[in-house]
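Reckoned from all heavy atoms, side chains included, excluding hydrogens, waters and symmetry mates.
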Amino acid sequence: MNAKLFVCTTCRAGEPVVEGQPVPGARLYTHLADQKPDSGLEIVPVECLSACNNGCVVALSAPGRWSYVYGRLTEADAPEILAGAEAYAATSDGLVPWRQRPQIFRKQSLARLPPQEN
């Protein structure tokens with residue numbers, strides 16, 4: 001049961017769209033995907049996570065685990081995003097102890113969803 005880190009590739013983070021230039025969400029995805037996490041974490045691009053007023057947005061999900069949505073992120077947050085996502089992937093229930101979460105995951109959580117029952 002590998003965890004997935006979904007990255008909104010259409011997030012504009014309040015920036016104007018410049019023809020031929022990637023938007024901030026696409027740049028964040030590229031930066032994260034280039035990191036190659038060790039934990040079996042899968043980084044998945046998605047068209048929209050419907051949190052457009054919250055800058056760049058990512059979501060963490062895995063079968064049988066709590067899911068999370070985080071916003072107001074930038075490319076500079078990539079190391080913390082990956083550290084938090086790998087800590088999440090290492091859990092059996094998706095609950096990373098508060099003090100073990102990166103600061104951006106403590107302060108920039110937009111939503112937490114309970115696990116789906118089978």
Please check if the side chain of [X] supplies one atom and the backbone of [Y] the other of a donor-acceptor pair under 3.5 Å.
{"X": "R106", "Y": "R99", "value": "yes"}
{"X": "Q108", "Y": "R72", "value": "yes"}
{"X": "R12", "Y": "G25", "value": "no"}

Could you tell me whether the side chain of C11 reaches within less than 4.5 Å of the side chain of C56, counting heavy atoms only?
yes
Who passes salt bridge (charged side-chain N to carboxylate O under 4.0 Å, His left out) against R101, sequence neighbours left out?
none
Ignoring hydrogens, what is the shortest heavy-atom contact between T9 and V23? Give both atom names and the distance.
O-CG2, 3.3 Å
According to salt bridge (Lys or Arg N to Asp or Glu O under 4.0 Å), does anything in residues 47-59 pair up with another residue at least two apart or in another chain? List the pairs.
none
If a pair satisfies salt bridge (Lys or Arg N to Asp or Glu O under 4.0 Å) and one of its residues is in residues 74-96, list it, with sequence neighbours excluded.
R27-E75
Partners passing side chain to side chain contact (heavy atoms under 4.5 Å, CB included) against [X] (at least two apart in sequence or in another chain):
{"X": "V69", "result": "V57, A59, L110, A111"}
{"X": "V18", "result": "Q21"}
{"X": "C48", "result": "T10, S50, C52"}

Using a 4.5 Å cut-off between side-chain heavy atoms of Ile, Leu, Val, Met, Phe, Trp and Tyr, which other residues end up in the same hydrophobic cluster as F105?
L5, V7, L28, Y29, L32, L41, I43, V58, L60, W66, Y68, Y70, L73, I81, L82, Y88, L95, V96, I104
Among residues at least two apart in sequence or on other chains, which ones pass side chain to side chain donor-acceptor pair (under 3.5 Å) with S61?
S67
